[in-house]
Amino acid sequence: MRTLLFLFLLPLLAAAAPMPREFTPQPATLEQQADEEGRRVWHTRFFRIDSDMELPRNQLLRLAQVADTTALVLKSHPLPLFAPPEGQRSRIAIYANAADYVRAGGAHGSAGFYIARKALVLVRGDFLADPRNPAKSQLPPNYDEDIVVHELVHLCMHRQNAGLPQWLVEGLAEYFATAHEGGGRFSFADPDKSVREHLRSRLSPKNPVISVIRVDEVTPVDGRGWIRLVESLPEEERYQTYATALLLAHYHLHGGAERLEALKALLESPHRTRRGIVLLTPQAAPEAQYHLIRYWKPKGLTLNFRGVKGGQ
């Protein structure tokens, strides 16, 4: 009976990971366009890139490769995630100056930012790695690309994001950033390992115990509330909110047929009806935390769920 049940659930569980399990990027497509309003413009397969700074050709090609492969990964996923803006080429805008980046809508202290109302991803140029001189980037290796992937997932899901809980929007973006191995290469062969190593590297490289925000802190907040929650934390602790969102996204993608089907139903529902579909209520948060703690402990990740002001 257990064997039959497993065989019945296997197709649903398999749908939690994109196919194919590995994505190797094709050579980048990058076409120079006429400058517009003093900004240099290029087109990739899916995106428009514009910049107010000179960018080395190799850097542009790598960015185009990361961007287009991210779009292809979302497009290939069995869940209906790929929903970019209609009637326009999705835009990535690069700013050399931090002040100009903020004036354009980027958040203070961030390296990348997605503006939903403009269907626009902003990128700080000084955070982009130059393949000829990696030391110039202000971020550790691959962090800049992971940030770009995170923001591009938001952009690729532009028409799908409406009505989704913010923790899911952020968690899915971070899930794909976790699967990114650099240069547009993605691996979904072992999501547990990818999540564990991603969280350890960002929160606790030398200790299997990581502190994250409680589930009931992130589940009720909307987009603006998410920003307020993140900004309420010390800068070194802000990633803890994204860590919890990532764990919850993984929880629904790889936590069994019932959770996956609930996620699929939400994504397939009309935007106007989504408020009536709740994946995770605040009342269910303690149980979710319990399952997350039990699941990740034997996999080398000890979760310490904290409130915004600290404590378990």
* Can you name the residues that form a side-chain contact (heavy atoms from CB on, under 4.5 Å) with Arg57, not counting sequence neighbours? -> Leu30, Leu61
* Answer yes or no: is there a side-chain heavy-atom contact under 4.5 Å between Leu279 and Leu248? => no
* Any residue meeting side chain to side chain donor-acceptor pair (under 3.5 Å) with His250, in chain and number order, not counting sequence neighbours -> Asp192
* **Passing candidate, side-chain contact (heavy atoms from CB on, under 4.5 Å) with Thr241, options Val212, Val221, Val230** => Val230
* Asked: If Ile, Leu, Val, Met, Phe, Trp and Tyr residues are connected whenever their side-chain heavy atoms lie under 4.5 Å apart, and connections chain through other members, are Leu267 and Val278 in the same group?
  -> no
* Do Arg159 and Pro84 have side-chain heavy atoms sitting under 4.5 Å apart? -> yes
* Asked: Atom CG in Leu301, atom NE2 in His198: separation rounded to 0.5 Å?
  -> 11.5 Å
* To do: Classify the side-chain pair His254/Tyr295 by whether it contains a donor and acceptor separated by less than 3.5 Å.
  => no
* Structure fact -> Rounded to the nearest 0.5 angstrom, the CD1-CG distance for Ile277 and Leu266 is 5.5 Å
* Determine yes or no for a side-chain-to-main-chain donor-acceptor pair under 3.5 angstrom, with Asp52 supplying the side chain and Ala96 the backbone. => yes
* Atom CD of Gln32: over 12 foreign heavy atoms under 6.0 Å -> yes
* To do: With sequence neighbours left out, write down each residue that passes side-chain contact (heavy atoms from CB on, under 4.5 Å) with Gln88, or none if nothing qualifies.
  => Pro85, Ala119
* Distance-minimising heavy-atom pair for Trp167 and Leu280 -> CZ2-CB, 4.2 Å
* Going by an N to O cut-off under 4.0 Å, is there a salt bridge joining Arg306 and Glu217? -> no
* Answer whether the closest heavy-atom distance between the side chains of Thr69 and Val149 falls below 4.5 Å. => no
* To do: Please list, chain by chain and in numerical order, all residues satisfying ring pair (Phe, Tyr, Trp, His ring centres under 6.0 Å) with His158, sequence neighbours excluded.
  => none
* Asked: Tell me, which pairs form a salt bridge (Lys or Arg N to Asp or Glu O under 4.0 Å) where one or both residues lie in residues 95-106, sequence neighbours left out?
  -> Asp100-Arg103
* **Closest non-hydrogen atom pair between Phe188 and Ala179, with its separation** => CE2-CB, 3.4 Å
* Side-chain donor or acceptor of Arg200 paired with backbone N/O of Asn207 under 3.5 Å -> yes
* Is the number of heavy atoms from other residues, nucleotides or ligands within 6.0 Å of CD (Glu258) greater than 12? -> no
* Do Glu170 and His150 come close enough that some side-chain heavy atom pair is under 4.5 Å? -> yes
* Asked: What distance do Leu292 atom CG and Thr244 atom OG1 have between them, rounded to the nearest 0.5 Å?
  -> 8.5 Å
* **Listed once per pair and sorted, the ring pair (Phe, Tyr, Trp, His ring centres under 6.0 Å) pairs that draw on residues 89-111, sequence neighbours left out** => none
* Asked: Yes or no on side chain to side chain contact (heavy atoms under 4.5 Å, CB included) for Val215 and Leu247, after CA distance, side-chain angles and deciding distance?
  -> CA-CA 10 Å; Val215 172; Leu247 291 168; over 6 Å; no
* Can you tell me which residue pairs pass the salt bridge (Lys or Arg N to Asp or Glu O under 4.0 Å) test with a partner in residues 221-231, sequence neighbours excluded? => none
* Does some side-chain heavy atom of Tyr239 sit less than 4.5 Å from a side-chain heavy atom of Leu199? -> yes
* Asked: In chain order, what residues pass the side chain to side chain donor-acceptor pair (under 3.5 Å) check against Thr29, with sequence neighbours excluded?
  -> none
* Leu155-Leu120 co-clustered via ILVMFWY side chain contacts under 4.5 Å -> no
* Non-hydrogen atoms of Ala288 and Tyr251 that approach each other most closely -> CA-OH, 3.9 Å
* Show the numbers, then the answer: is there a side chain to side chain contact (heavy atoms under 4.5 Å, CB included) between Asp146 and Arg202? => CA-CA 12 Å; Asp146 290 350; Arg202 278 150 177 74; 2.8 Å; yes
* To do: Determine whether Glu151 and His154 make a side-chain contact, defined as any pair of heavy atoms from C-beta on separated by less than 4.5 Å.
  => yes
* Asked: By side-chain contact (heavy atoms from CB on, under 4.5 Å), which residues pair with Leu63, not counting sequence neighbours?
  -> Ile49, Ile94, Val148
* To do: Step through the shown structure and confirm whether more than 12 heavy atoms of other residues, nucleotides or ligands are within 6.0 Å of CZ on Arg45.
  => no
* Can you sort out the partners of Glu268 under salt bridge (Lys or Arg N to Asp or Glu O under 4.0 Å), two or more places apart, ordered by chain and number? => Lys264
* Asked: Checking side-chain contact (heavy atoms from CB on, under 4.5 Å) against Thr70, which of Phe47, Phe23, Phe186 comes through?
  -> Phe186
* Asked: What is the minimum heavy-atom distance between Glu174 and Tyr242, and which atoms define it?
  -> CG-O, 4.4 Å
* What is the minimum heavy-atom distance between Ile147 and Ala111, and which atoms define it? -> CD1-CB, 3.8 Å
* To do: List in chain and number order the residues that pass side chain to side chain donor-acceptor pair (under 3.5 Å) with Gln160, two or more places apart in sequence or in another chain; answer none if no residue qualifies.
  => Arg274
* Structure fact -> In short, Ala189 meets Arg21 closest at the heavy-atom pair O-NH2, 3.3 Å
* **Pairing residues for Arg91 by the side chain to side chain donor-acceptor pair (under 3.5 Å) criterion, not counting sequence neighbours** => Asp50
* Tell me, do Leu122 and Ser110 make a side-chain contact under 4.5 Å, heavy atoms counted? -> no
* **Residue pair Leu81, Val153: steps toward the side chain to side chain contact (heavy atoms under 4.5 Å, CB included) verdict** => CA-CA 9 Å; Leu81 300 177; Val153 171; over 6 Å; no
* Measure the shortest side-chain to side-chain distance between His180 and Val73 over non-hydrogen atoms and say whether it is less than 4.5 angstrom. => no
